[in-house]
Participant: 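There's a structure below that I have some questions on.
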Amino acid sequence: MRRPMLLSWSGGKDAAWTLHTLRQRDDVEVVALLTTVNREFDRIAMHGIRRDVLQAQANATGLPLIEAEIEPQCDNARYEAAFAAALDEARQRWPNLDTIAFGDLFLEDVRSWREASCKTLGWHIDTPLFGENTARLAREMIAGGLRAHLCCVDTQQLDATFSGRAFDDTLLAALPNDCDPCGENGEFHTLVVGGPMFGRAIDVRSGEQVLRDERFFYTDFLLVDAP
């Protein structure tokens, strides 16, 4: 019998590929996605992905979505409270649920923090992509049919002109040598619109581009059928 698992969903490629990877296993079943949403802006925190696009992603995976709502400039205590409430909601729906998966790749400090935070709440974590070679993983994602766009670029690490571009082999070849191919150091974040983890692709169009906090350059993506 497969044990149920929750997946932390950012809307980006690593979370999406984690879902694809977990679905190849016969010992676990991902039963829902959990996403942190900025209540004021109606967007996924950090990635800046619109809520209706997030819902379209969840629909494409065929999984229910649990949202942890936070306020702008949310401190760590309020973030952890919102996250804990979302985990409680998940456990109420699936009483045997005790594990949440993350798409972490190689940042040991981040993984350790997640592990400690979840342990205090009575949860375990699973990071199936952790330790993978990110150059090889990026190529594997693209070859495996994953389609994504860069929706946020940290201009202290990568030129703003990369924002909005497709995550593909052309992009990988153009990245500076000191930029991680998967953006694991925060160089960029992505919006996934297609791949083997989706039952159907999401049709989006690029919109406004804006620099926030004098550092993060966002490209807005809207559903094609949205006003």
Side-chain angles (χ1 to χ4, degrees), residues 8-18 33-57 67-80 82-83 102-111 113-114 117 129 134 137-138 141-142 146-168 170-193 202 204-223 226:
S8 176
W9 183 265
S10 64
K13 58 178 177 38
D14 299 338
W17 203 251
T18 297
L33 310 176
L34 188 156
T35 303
T36 303
V37 176
N38 186 307
R39 181 183 292 114
E40 180 175 326
F41 297 110
D42 243 13
R43 295 173 184 266
I44 298 178
M46 193 64 229
H47 284 59
I49 296 170
R50 288 173 176 259
R51 207 170 201 158
D52 61 348
V53 177
L54 163 63
Q55 188 59 62
Q57 289 182 320
E67 297 181 2
E69 288 194 343
I70 61 172
E71 301 291 342
Q73 310 302 322
C74 179
D75 61 27
N76 197 54
R78 286 184 292 174
Y79 167 82
E80 290 185 349
F83 186 72
F102 295 90
D104 297 328
L105 302 181
F106 62 66
L107 298 179
E108 186 63 53
D109 56 339
V110 173
R111 185 182 184 280
W113 175 77
R114 295 196 202 280
S117 297
L129 303 183
T134 53
L137 181 61
M141 290 178 180
I142 295 165
L146 180 138
R147 291 176 50 219
H149 303 285
L150 273 62
C151 57
C152 177
V153 165
D154 181 354
T155 60
Q156 292 185 6
Q157 302 189 74
L158 189 63
D159 193 272
T161 57
F162 280 90
S163 186
R165 291 183 57 172
F167 181 74
D168 55 18
T170 301
L171 176 93
L172 295 182
L175 290 174
N177 291 333
D178 60 352
C179 178
D180 182 74
C182 285
E184 179 67 350
N185 294 307
E187 298 97 331
F188 60 86
H189 299 289
T190 55
L191 161 68
V192 169
V193 295
I202 300 169
V204 299
R205 56 185 171 88
S206 59
E208 181 185 12
Q209 292 187 310
V210 61
L211 180 68
R212 298 197 181 278
D213 301 323
E214 300 182 349
R215 177 174 180 177
F216 299 104
F217 196 80
Y218 289 88
T219 297
D220 195 16
F221 285 93
L222 301 86
L223 295 174

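Quick note: numbers below take in every heavy atom, side chains included, and nothing from hydrogens, waters or symmetry partners.
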Participant: Between Asp159 and Val153, is there a side-chain heavy-atom distance shorter than 4.5 Å?
Facilitator: no
Participant: Does any non-hydrogen side-chain atom of Thr18 lie less than 4.5 Å from one of Phe102?
Facilitator: no
Participant: Considering all heavy atoms of both residues, which atom of Ala45 and which atom of Ile70 are nearest to each other, and what is their separation?
Facilitator: CB-CD1, 4.1 Å
Participant: Evaluate side chain to side chain contact (heavy atoms under 4.5 Å, CB included) for Asn185 paired with Phe106, printing each intermediate quantity in order.
Facilitator: CA-CA 9 Å; Asn185 294 307; Phe106 62 66; 3.7 Å; yes
Participant: Within this structure, what is the CD1-OG1 distance for the pair Ile44 and Thr36, rounded to the nearest 0.5 Å?
Facilitator: 9.0 Å
Participant: Walk me through whether Val192 and Trp17 qualify under side chain to side chain contact (heavy atoms under 4.5 Å, CB included).
Facilitator: CA-CA 10 Å; Val192 169; Trp17 203 251; over 6 Å; no
Participant: Atom CD of residue position Glu108 - does it have more than 12 heavy atoms of other residues, nucleotides or ligands inside 6.0 Å?
Facilitator: yes
Participant: Between the side chain of Glu187 and the main-chain N/O of Asp180, is any donor-acceptor distance below 3.5 Å?
Facilitator: yes
Participant: Start with the C-alpha gap between Leu172 and Ile142, add the side-chain angles, then the distance that decides, and say whether side chain to side chain contact (heavy atoms under 4.5 Å, CB included) holds.
Facilitator: CA-CA 10 Å; Leu172 295 182; Ile142 295 165; 3.6 Å; yes
Participant: Could you tell me which non-hydrogen atom of Gly11 sits nearest to which non-hydrogen atom of Gln57, and how far apart they are?
Facilitator: O-NE2, 3.0 Å
Participant: In Å and rounded to the nearest 0.5 Å, what is the CZ to CZ distance from Phe41 to Arg50?
Facilitator: 12.5 Å
Participant: Where do Leu222 and Val53 land on the side chain to side chain contact (heavy atoms under 4.5 Å, CB included) test, with the steps shown first?
Facilitator: CA-CA 7 Å; Leu222 301 86; Val53 177; 5.9 Å; no
Participant: When the ring planes of Phe221 and His149 are compared, do they come out parallel, tilted or perpendicular, using 30° and 60° as the limits?
Facilitator: parallel
Participant: Taking all heavy atoms of Lys13 and all of Phe188, pick out the closest pair and write down the distance.
Facilitator: CE-CE1, 3.9 Å
Participant: Over all heavy atoms of both residues, which pair between Leu129 and Asp14 is shortest? Give the atoms and the distance, please.
Facilitator: CD1-O, 3.7 Å
Participant: Find the distance between CD (Glu40) and CG (Asp42) and round it off to the nearest 0.5 Å.
Facilitator: 10.0 Å
Participant: Where does the angle between the aromatic ring planes of Phe83 and Tyr79 fall among parallel (under 30°), tilted (30 to 60°) and perpendicular (over 60°)?
Facilitator: parallel
Participant: Examine the side chains of Gln209 and Thr219 and answer whether a donor and an acceptor come within less than 3.5 Å of each other.
Facilitator: yes
Participant: So, does Thr155 use its side chain to make a donor-acceptor pair with the main chain of Ala160 at under 3.5 Å?
Facilitator: no
Participant: State the CG-SG distance between Leu105 and Cys182, to the nearest 0.5 angstrom.
Facilitator: 5.5 Å
Participant: For the backbone of Arg39 and the side chain of Glu69, can you confirm whether one donor and one acceptor N or O come within less than 3.5 Å of each other?
Facilitator: no
Participant: Quick one: pull up CG in Leu175 and CG in Leu150 and give me the separation to the nearest 0.5 Å.
Facilitator: 7.5 Å
Participant: To check you understand the geometry: which heavy-atom pair defines the closest contact between Ile49 and Ser10, and what is its length?
Facilitator: CD1-O, 3.8 Å
Participant: Check Phe216 against Cys152 and note the closest heavy-atom contact, atom names and distance.
Facilitator: CB-SG, 4.0 Å
Participant: Would you say the side chain of Arg51 lies within less than 4.5 Å of the side chain of Thr35, judging by non-hydrogen atoms?
Facilitator: no
Participant: Is it true that a side-chain atom of Ser163 and a backbone atom of Phe217 form a donor plus acceptor pair closer than 3.5 Å?
Facilitator: yes
Participant: Roughly how far, to the nearest 0.5 Å, is the CG atom of Leu54 from the CG atom of Leu33?
Facilitator: 8.0 Å
Participant: Any carboxylate oxygen within less than 4.0 angstrom of a Lys/Arg side-chain nitrogen, looking at Arg215 and Asp154?
Facilitator: yes
